[in-house]
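Data first, discussion second: the structure below is written as structure tokens.
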Amino acid sequence: QAQLVESGGGLVQPGGSLRLSCAASESIDSFTRMGWYRQAPGKQRELVAVTTRLGIANYADSVKGRFTISRDTGKNTVDLQMNSLRPEDTAVYYCSANQLVSVRSSETIWGQGTQVTVSS
């Protein structure tokens with residue numbers, strides 16, 4: 001029943017930067033992992049970056065070296081710093097969180113998404 005709210009999307013020129021923020025309605029420490037996904041028109045939704053409570057991060061090959069996911073426990077947010085943006089990064093970006101509800105069950109929570117458009 002937790003809620004996630006994304007912000008920070010917008011229009012940026014190629015080579016520019018944006019910082020997306022995902023605000024959770026409860027402590028992010030309650031989630032086993034949080035991440036960012038994106039879906040471009042005509043394409044399948046894909047994982048962009050994910051991080052665990054231990055701080056281990058993984059990235060899609062297409063964004064390695066350009067994007068950085070980070071946690072701010074005090075603000076209950078997970079951010080995605082996006083640098084050297086390319087037109088192919090244009091997509092709706094979704095925040096996602098996974099929370100254990102039992103030893104054999106988990107719940108995945110999604111935000112509403114925020115539009116990122118990279119265009120000159």
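Below, all heavy atoms of this structure are taken into account, side chains as well, without hydrogens, waters or symmetry copies.
Under the 3.5 Å distance criterion, the side-chain polar atoms of S30 are matched with a main-chain donor or acceptor of S27.
Summarising the geometry of L80 relative to A49, their closest heavy-atom pair is CD1-CB, 4.1 Å, with the distance given to 0.1 Å. Across every non-hydrogen atom of A40 and A91, the tightest pair is N-CB, 3.7 Å. Between D79 and S21, the closest heavy-atom pair is OD1-OG, 3.0 Å. In terms of heavy-atom proximity, R38 sits nearest to S62 at NH2-OG, 3.3 Å. Considering all non-hydrogen atoms of both residues, L100 and S106 come closest at CD2-CB, 4.1 Å. Closest approach of Y59 and I69 over heavy atoms only: OH-N, 3.0 Å.
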Step-by-step side chain to side chain contact (heavy atoms under 4.5 Å, CB included) determination, T32 to R53: CA-CA 6 Å; T32 57; R53 286 188 295 214; 4.0 Å; yes
Residues M82, V118; criterion side chain to side chain contact (heavy atoms under 4.5 Å, CB included); working and verdict: CA-CA 11 Å; M82 305 184 294; V118 185; over 6 Å; no
Working for side chain to side chain contact (heavy atoms under 4.5 Å, CB included), residues D29 and T73: CA-CA 7 Å; D29 288 334; T73 304; 3.5 Å; yes
Side chain to side chain contact (heavy atoms under 4.5 Å, CB included) assessment of L4 paired with Y94: CA-CA 9 Å; L4 305 173; Y94 298 90; over 6 Å; no
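At a threshold of 4.5 Å between side-chain heavy atoms, the hydrophobic network of Ile, Leu, Val, Met, Phe, Trp and Tyr places W110 and L47 in one connected group. Note: the hydrophobic cluster containing I109 also contains Y93 (ILVMFWY, side chain heavy atoms under 4.5 Å, direct or indirect links). Each of Y37 and L20 belongs to its own hydrophobic cluster when Ile, Leu, Val, Met, Phe, Trp and Tyr are linked at side-chain heavy-atom distances under 4.5 angstrom.
Within the 4.5 Å cutoff, no side-chain heavy atoms of T68 are placed close to those of R19. Between N76 and E26 the shortest side-chain heavy-atom distance does not fall below 4.5 Å. Looking only at side-chain heavy atoms (C-beta outward), S96 and W36 stay at 4.5 Å or farther from each other.
Between D61 and K64 there is a salt bridge, since at least one side-chain N of the basic residue sits less than 4.0 Å from a carboxylate O of the acidic one.
Each of T90, L11, V12 was evaluated against S119; a single residue qualifies, L11, per the side chain to side chain contact (heavy atoms under 4.5 Å, CB included) test. The residue from I28, T77, V78 that alone fulfils the side chain to side chain contact (heavy atoms under 4.5 Å, CB included) condition with D72 is T77.
More than 12 heavy atoms of other shown residues, nucleotides or ligands fall within 6.0 angstrom of atom CZ in R71.
Separation of atoms OG1 (T52) and CE (M34) is listed at 12.0 Å; rounding is to 0.5 Å.
The stretch residues 3-18 participates, sequence neighbours left out, in these side-chain hydrogen bond (donor to acceptor under 3.5 Å, both in side chains) pairs: S17-N83.
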